[in-house]
Structures are given as C-alpha cells and as structure tokens.
Amino acid sequence: MFIFAAHSKNHSKMNIDLLIRNEVAKALNALYAVEIKSEEVQTQMTRKEFEGDLTVVVFPYLRHSKKGPEQTAAEIGEHLVANVSEIEKFNVVKGFLNLLVSSKYWINELYQAFQIDDFGYRNANNESPLAMVEYSSPNTNKPLHLGHIRNNLLGYSISEILKADGKKVVKTNIVNDRGIHICKSMYAWIQAGKNDTPESTGLKGDHLVGNYYVKFDQIYKAEIADLISKGKTKEEAEKEAPSMAGARELLLKWEANDAETRKLWAKMNQWVYDGFDITYKNMGVDFDKIYYESETYLVGRDEVLRGLEEGIFERHDDGSVWANLENEGLDQKILLRSDGTSVYMTQDIGTAKLRYEDFKIDKMVYVVGNEQNYHFQVLSILLDKLGFEWGKNLYHFSYGMVELPNGKMKSREGTVVDADDLMEGMIKVAKETSEELGKLDGFTDDEKSEIYRKIALGALKYFILKVDPKKTMLFNPEESIDFNGNTGPFIQYTYARIQSVLRKASDMGLSWQQTGMAIEPGAKELELIKKITTFPEVVSESANNFSPAVIANYCYDLVKEYNQFYHDYPILKEENEAQKLFRLQLTQTTGNVIRNGMALLGIECPERM
RNA sequence: GGUCCUGUAGCUCAACUGGAUAGAGCAGCGGCCUUCUAAGCCGCAGGUUGUGGGUUCGAGCCCCGCCAGGAUCACCA
C-alpha cells in the first residue's frame, strides 16, 4: 500500500546518495561494530565552498567510535575510498566528511538522463494508487478572481506532480451552482435586467451574472438605508428588505422545483459555465469529472438523515440536525437547518459519497484555502462517523490567501483582481516587452500572440507557484509581474536559448547520441549534471510535500546553473569534438528537464522568444 | 476568549525537514554584447532570522513565555 505522506523525510539527492548511505552503514559496522540502518545515515549535498559531492555528517557516530569528529570522519572516509569504486577521494572539515564522486560516474548519470525524454516522471500502472484532486470549486454568481487563480494553479499543478510521481489522478471540480448567492443574481436580473443576455450585452456570461450580483447588493443596501431612514433598526431593515425576501423566495421556489425558477437558474448558470470555460481554457486548467452541488446536496441530506436514525447525530427541538463533536474537542456542528434545507457541510458529505461510488479513490485531496481548515477537520470526522473509512484519510491541501498591499480583496471596495483582466493585462505587458526587445521579427501574428500568451502565463503562474502554498502571499496589482530575475520568463528564455543551440547544431549536421566518450568535464558541467540528476527526487519531494514551489525553485536553480555554463563554456564553437557533443547532450538534457519541470507547473516553454 | 497559522535584507521570496560562513530576485551602485538569443553573465552593498529563555556537539527550523499580524469558532459558502 502506497503511503501518501504529507510530510515525509525526502531529501532531494541523487541515486548516489542511496549507495553512499548504504556504504557508510557497512563502514560503520566494519569499523565500530555497530548496526546503523542506511536510512539513518545523514548525508547532504556538499556546500559549494568545499571540495566534494556528498557530505556525511559523522557527529552521530562519535559515541560509537569513541574518537573525535575529525578522526572518525577520516576513518570512514578511508574505508569508503578503499571499498567504493565511485568514491575517488575525501576530505574532512570539522565533523563533516566530504566525498568526491568520480566524474566518470557523473557522465554516465547524464547519459542515462539524456536518453529519457520524460526524465524525472514515473508512470502509473494498474496497481498505482488513485488520487482524486478537487480544486477550483467556484460559486456560480460571479467571475473568477485572483484567489481562484492561486487555487486553480495549485490544483492543476499538484495533479500533474502526483501523476509524475506515479499516481493515477482524477481532477475534479465541485460547482456550487445552487444556493442563495445565485438567487441574488437571479433576483437582480429579474428586477433590473431588462432581459440582458451575454449576446445582447457583449459581456462574458460570468461577468454579466456577476454584475447582477453586485447590482443586488446595491439594491439591498439602498433598501436598508431607506428602511432605516423610516425609523427601523439595522437588524429590522436587514430582515425586511424586499430584495432579500425576494432572493429567499427564489431559493424556496428552486427547492420546490418551480419550473420558471429552475429555467432561469439553468439559463444563468449556463452563461456562467460558458464564461468559466473560457477562463479555464485561458488559464490552461481542466477537469476529468465535474460535480454539481445541485446534484449532490440531496445525497448528503440522506446521509445525514441516516446518521440521525443511527443515533450518530441529534435533532434539536426546532427540527435542526446537529453533530456533537465535543468528544473530539470541537463544538456542535449544524448539518440540516430547521426548515430541512442543507448547508455547505451536508453537500460535501454527499459529494464525497458519490465520488467514492464513482471512483476507486485511495486518496481524496481537497485544494481549498486555509480559511476552511476547521471545515475539513469536521468533514473528516463526520465522514468517519458515518462509517466511511476513507473519511479520516482525506487530505486538505490548505493554502494561504493572496493579499493585496492593503490587505484582503474586498468586492465592496472594488479591490477584487479579476482573473480574466489579470491574464489579459499580463499578455499585453508580454507583448510590449517582446516588441521592445524585437526578437520576434519575421514571425506571423498568430505565432507572436502564441508566444506572448505563453510568456504572460508563464510569468503569472510562476509568480504564484514559486511561493510555498501554505503561506499567505502578496500581490501588488500596481506593479506588473517581472520578466527578469527569478521569474517564469527567465526560465522560458533559457529554454528558448537551449532550443536555439540545438537547432543550430542540427543545421550543422551534428549528431550527439554517442556514449562512452572520453571527457574531462569542468566544474560547471559537473554542477549541472548533479543538478539534473536530482530532478526525479525533486518530483517526489514536491509530491510528498504537496508543494509545486519545490519544483519552481528547482527549475530556477537549474536554469541559473545552466546560464553560467552557457556563459562560460563554448558549445558549438568547442574544438574538441567529443567535448562538443557532450555539451550538446548536457544542453539537450537540461532543456528536457526545464520543459518537464515547468510542465508540472502548467507552464509551457516557447521554442523561441 | 478557545484553537490554528505566520513573522528571515528596503520589497517579494528561498533555506534539502536539526548541520558548515542564512541564500536568490527586485530596487541601488559598478562592470560584460564584432563571438551559440544581454528576458543573460559577473561584482559591490544590504541580516542580532519579531523578542526573551530552554533543549544539544550543533537551532531560522524543536520546547516554553512574550510581542505583532492573520484565519477560524454561523440555521454563510
């Protein structure tokens, strides 16, 4: 059984690490007659200021060797050099044993990676565990905004990462298509819509419906102000406002299956779906299976009623149904309102049940903001109480909010950053920047706009995904996202340069498939190979930690390394033929890893830019 | 108030889950295009890791207290 660990110990090191830990364990046994498991041997990549590739920390073994750190390290080092052919030499600094691995080993490692186009990916097979990843999960009353962007990018990326780590993945979306929110938009449209449609207004459907949601709020506020001016208290006014009553009435009619209400509901939701489809497509995210709250909430209600019959839940005097979670250290949680209608939690129970009926899920992953930590804690317990043994195994991929310089986005203050506007704005900046640099002369307009799109989305996605998902992040709409430095376009640019070199090499009639060449790689070349060979472990690490940021930061480090190599070493102009072909292998492999890594972030790399 | 999260350079973020002298980018200053794409490369400057204790060979990371910010504890979603 595969374990989906949220925080497993997984160091991003290369294969050699396994070998060395094994050999160190053997050495300890031979030298000091102690049994140390190879997994317990501590290693790390040698810091750049010291000579070596891998470093063994020897402090833990001093009590076995009964000698000082330097002497202990030296003894282990000598034993390793004598017994392990891959280890050429060693040096000791304080309690750190630095081991130098032969360049022959590294060249072979590169050649292994070079031969695999999707190096770093592990393919799922029939026995692989299935993860279902829920993300996006929008309400259908307004367009997507910056917060949704972080959610969508994380959800898509973590799905791709899990796939690359050898899991089967089903991407899913629960659309909150029913409830008071959409009724508000419906009410305002009836009152003030004059039969507007996306066609008649030229507006994207989700924006049109969103405008009526805003309109509703205006009507509602005006009514409250009016009622208060007529002597009502704020509470009375909020209760009596005709618009709110109207929206509530629509909700009741909807639940009662009123034909006209359902028709309008379906129509306006369809407008929103058409709008969302465009946004999702532009964002480059997709789903394998979509659930609708309107189709799951009744299932949830039945489950709650079953739980009530079985004595798991309790009914209060007013008819509402509650779960008592005081034994779990939590409060009471409402599951059905006194009028029998369901709440968010009810719907989530129903959706979960349907999902497990539809798929053989080993791990359910919910990509939902950390403001809902409590909700998922409760959901997990409730599913468990209802007898779904998978309940306690659900994973809430809890991510931090996106904040603006003056705090959270507030629709009332008009500070919401719209997803469509943001992407469009990014494309515009990409176009301007590209035109200034003037490198795309001679391309058709279609080719150019495709490149602008890739760069713009690369910048946006990388900007968001490079941040640790758990952390609150800041977005300043006043400053457009950079294209220089630690950015998506910087990485894309390196990829484009690599492809340019490879094209030129092909044009020169070169072929660089051969192996077993006698090469003396330079320091930068070895650094680059080491970086490349850690990629599979980086993929696992990002999967185990649910962190696309791990991939993003790796891509940046890799590219930085390559750019130094590119700057310092001639490739096509190298006179030694074997050295030249080796550098082409190195270049091509780096390009593959960049492309594969960025793909895990949902970022495409243009061949030229 | 209870629970949980966060605090690292002027700003945005890293730090391989307890390891060596805490690293990048942006902003600032200074170099490098007749040579494989300068969206690049190199250098300078920038830090009491919020704060006070503790644990140990070793703490940005673990424990306790305090300070600051945020989330949540709804018959909202």
Side-chain angles (χ1 to χ4, degrees), chain A residues 7-13 42-47 49-50 55 57 59-60 62 69 93-96 98 137 139 176 179-181 293 316 318-322 329-331 333-339 341 343-345 347-348 369-375 377 398 400-401 403 407-408 430 433-434 436-437 439 455 459 463 466-468 470-476 479 482-487 489-494 496-505 534 537-538 541 545 549-550 552-554 556-557 559-560 563-564 566-574 583 587 608-609:
Chain A
H7 299 285
S8 78
K9 295 204 175 192
N10 196 329
H11 307 249
S12 36
K13 292 177 210 112
Q42 284 185 56
T43 60
Q44 56 190 286
M45 292 180 74
T46 304
R47 297 183 67 109
E49 56 266 39
F50 304 106
T55 296
V57 183
F59 290 110
L62 301 185
V93 182
K94 293 194 238 175
F96 299 92
N98 301 320
S137 307
N139 289 350
N176 301 116
I180 192 70
H181 49 88
E293 185 186 347
H316 288 189
D318 62 4
S320 54
V321 177
W322 295 74
L330 304 173
D331 295 328
K333 188 75 191 176
I334 189 157
L335 300 175
L336 288 176
R337 297 189 187 99
S338 52
D339 63 3
T341 59
V343 296
Y344 182 44
M345 189 64 78
Q347 172 268 116
D348 256 343
N370 61 14
E371 57 196 352
Q372 294 190 32
N373 286 353
Y374 183 71
H375 174 83
Q377 200 184 343
S398 168
M401 299 290 100
E403 288 190 355
K408 291 182 74 172
T433 309
S434 251
E436 256 172 54
L437 292 168
K439 294 183 181 180
I455 294 171
F463 179 84
K466 76 170 176 179
V467 181
D468 180 346
K470 289 197 296 283
K471 292 189 178 173
T472 303
M473 67 171 290
L474 191 104
F475 178 85
N476 189 347
E479 304 167 6
D482 248 303
F483 287 3
N484 300 320
N486 187 356
T487 67
F490 167 62
I491 296 167
Q492 290 170 317
Y493 172 72
T494 304
R497 271 206 313 203
I498 284 173
Q499 299 317 308
S500 173
V501 172
L502 296 176
R503 276 193 303 272
K504 289 207 162 112
T534 61
E537 282 72 29
V538 170
E541 189 196 336
N545 292 320
V550 169
N553 289 315
Y554 168 81
Y556 177 68
D557 291 340
V559 157
K560 196 123 181 76
N563 280 336
Q564 290 169 9
Y566 179 89
H567 183 267
D568 295 346
Y569 294 70
I571 303 169
L572 300 174
K573 294 192 172 70
E574 169 61 39
R583 285 179 188 163
T587 295
R608 306 159 200 260
M609 66 184 274

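Heavy atoms only: backbone and side chains are in, while hydrogens, waters and symmetry mates are out. In the text below, chain A, chain B and the rest are named by the order of the sequence lines, each starting its count at 1.
- A 4.5 Å side-chain heavy-atom check between A:T55 and A:M45 finds every atom pair outside the cut-off.
- Regarding contacts with the backbone of B:G19, every side-chain N or O of A:R47 stays at 4.0 angstrom or more from both OP1 and OP2.
- For A:Q44, whose side chain is taken as the heavy atoms from C-beta onward, the closest listed nucleotide among B:C13, B:G19, B:A77 is B:G19.
- At a threshold of 4.0 angstrom between heavy atoms, the contacts of A:F59 include nucleobase atoms, whether or not backbone atoms are also involved.
- When rounded to the nearest whole Å, the span between CD of A:Q564 and P of B:A24 equals 10 Å.
- Using a 4.5 Å heavy-atom threshold, the side chains of A:F96 and A:F50 count as separate.
- Residue A:L572 comes nearest to A:A505 through the heavy atom pair CD2-CB, 3.7 Å, listed as atom of the first residue, atom of the second, then distance.
- What separates OH of A:Y374 from C1' of B:C76 is a distance of 15 Å, to the nearest Å.
- Between A:Y344 and A:H375, the two ring planes are parallel [angle under 30°; tilted spans 30° to 60°].
- Only the C1' atoms considered, B:A59 is 12 Å distant from B:A22, to the nearest whole Å.
- Residue A:K560 contributes atom NZ, which lies 9 Å from atom C1' of B:G40 at whole-angstrom precision.
- The six-membered or imidazole ring of A:F483 lies away from that of A:Y493, with a centre-to-centre distance of 6.0 Å or more.
- Separation of the P atoms belonging to B:G60 and B:G1 is 31 Å when rounded to the nearest angstrom.
- Counting non-hydrogen atoms under 4.0 angstrom, A:L474 reaches the backbone sugars and phosphates but no base.
- Heavy atoms of A:D568 sit nowhere under 4.0 angstrom from any nucleic acid atom.
- Using a 4.0 Å heavy-atom distance criterion, A:T487 is classed as making no nucleic acid contact.
- Rounded to a whole angstrom, the distance from the C1' atom of B:G47 to that of B:A15 is 14 Å.
- In this structure, A:R583 is not positioned above the aromatic face of A:Y569 in the sense of NZ or CZ being under 6.0 Å from the six-membered ring centre and within 45° of the axis.
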- request: Check the pair A:N98 / A:R47 against side chain to side chain donor-acceptor pair (under 3.5 Å), numbers first and verdict last.
  value: CA-CA 9 Å; A:N98 301 320; A:R47 297 183 67 109; over 6 Å; no

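- Evaluation of atom-type donor-acceptor distances gives a pair under 3.5 Å for the side chain of A:N98 against the base of B:A20.
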Pairs under 3.5 Å (Watson-Crick or G-U), crossing ones as [ ], inter-strand ones as |: RNA chain B comes out as (((((((..((((.....[...)))).(((((.......))))).....(((((..]....))))))))))))....

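- Of the possible donor and acceptor atoms, none in the side chain of A:S500 sits under 3.5 Å from a partner among the backbone N and O of A:A496.
- Taking atom CD of A:E403 as the reference point, atom P of B:U12 lies 11 Å away to the nearest angstrom.
- For the OP1/OP2 pair of B:C5 and a distance below 4.0 Å, the side-chain nitrogens and oxygens of A:N373 include no atom meeting the criterion.
- The residue among A:I455 and A:E293 whose nearest nucleotide of RNA chain B is located toward the 5' end is A:I455.
- A:Y554 comes within contact range of no nucleotide atom at all, as no heavy-atom separation falls under 4.0 Å.
- Across all strands, A:Y566 comes closer than 4.0 Å to base atoms (heavy-atom distances).
- Scanning all heavy atoms of the two residues, the minimum distance from A:G369 to A:S398 falls at C-OG, 4.4 Å.
- Both A:N553 and A:I180 lie close to RNA chain B; mapped to their nearest nucleotides by heavy-atom distance, the more 5′-ward contact belongs to A:N553.
- Applying the 4.0 Å criterion to OP1 and OP2 of B:C36, one finds that A:R583 has every side-chain N and O outside that range.
- Atom C1' of nucleotide B:C5 and atom CD of A:Q372 are separated by 15 Å, given to the nearest angstrom.
- Note: CD (A:Q42) to C1' (B:G58) measures 11 Å, nearest angstrom.
- Listed pair A:K471 / B:A14 meets the phosphate criterion, a side-chain N or O lying under 4.0 Å from OP1 or OP2.
- Spacing between atom NZ of A:K466 and atom C1' of B:C11 amounts to 11 Å, rounded to whole angstrom units.
- Panel note: side chain A:R337, backbone A:V343; no donor-acceptor pair is recorded below 3.5 Å.
- Within the nucleic acid shown, A:V93 comes within 4.0 Å of at least one base atom, counting heavy atoms only.
- Residue A:T472 has no polar side-chain atom (N or O) positioned under 4.0 Å from OP1 or OP2 of B:U6.
- Within 4.0 Å (heavy atoms only), A:M609 reaches at least one base atom of the nucleic acid.
- The shortest distance between side-chain heavy atoms of A:I571 and A:T587 falls below 4.5 Å.
- Glycosidic conformation of B:C33: syn, with the torsion inside 90° of 0.
- Here the nucleotide nearest the side chain of A:T46, chosen from B:A38, B:G19, B:A20, is B:A20.
- Using C1' as the reference atom, B:G40 and B:A24 are 16 Å apart when rounded to the nearest Å.
- Base engagement by A:V57 is indicated by at least one non-hydrogen atom pair under 4.0 Å involving a base atom.
- Distance, A:H375 NE2 to B:A77 P: 10 Å, rounded to whole Å.
- Across all strands shown, A:P69 has no heavy atoms under 4.0 Å from either base or sugar-phosphate atoms.
- Between the P atoms of B:U6 and B:A38, the separation comes to 42 Å (whole Å).
- Comparing the P positions of B:C66 and B:U3 gives a spacing of 12 Å, expressed to the nearest Å.
- When heavy atoms are screened at a 4.0 angstrom cut-off, A:F96 is found touching base atoms of the nucleic acid.
- Using C1' as the reference atom, B:U51 and B:A74 are 37 Å apart when rounded to the nearest Å.
- Among the protein residues, A:T55 comes within range of the nucleic acid bases, having at least one heavy atom under 4.0 Å from a base atom.
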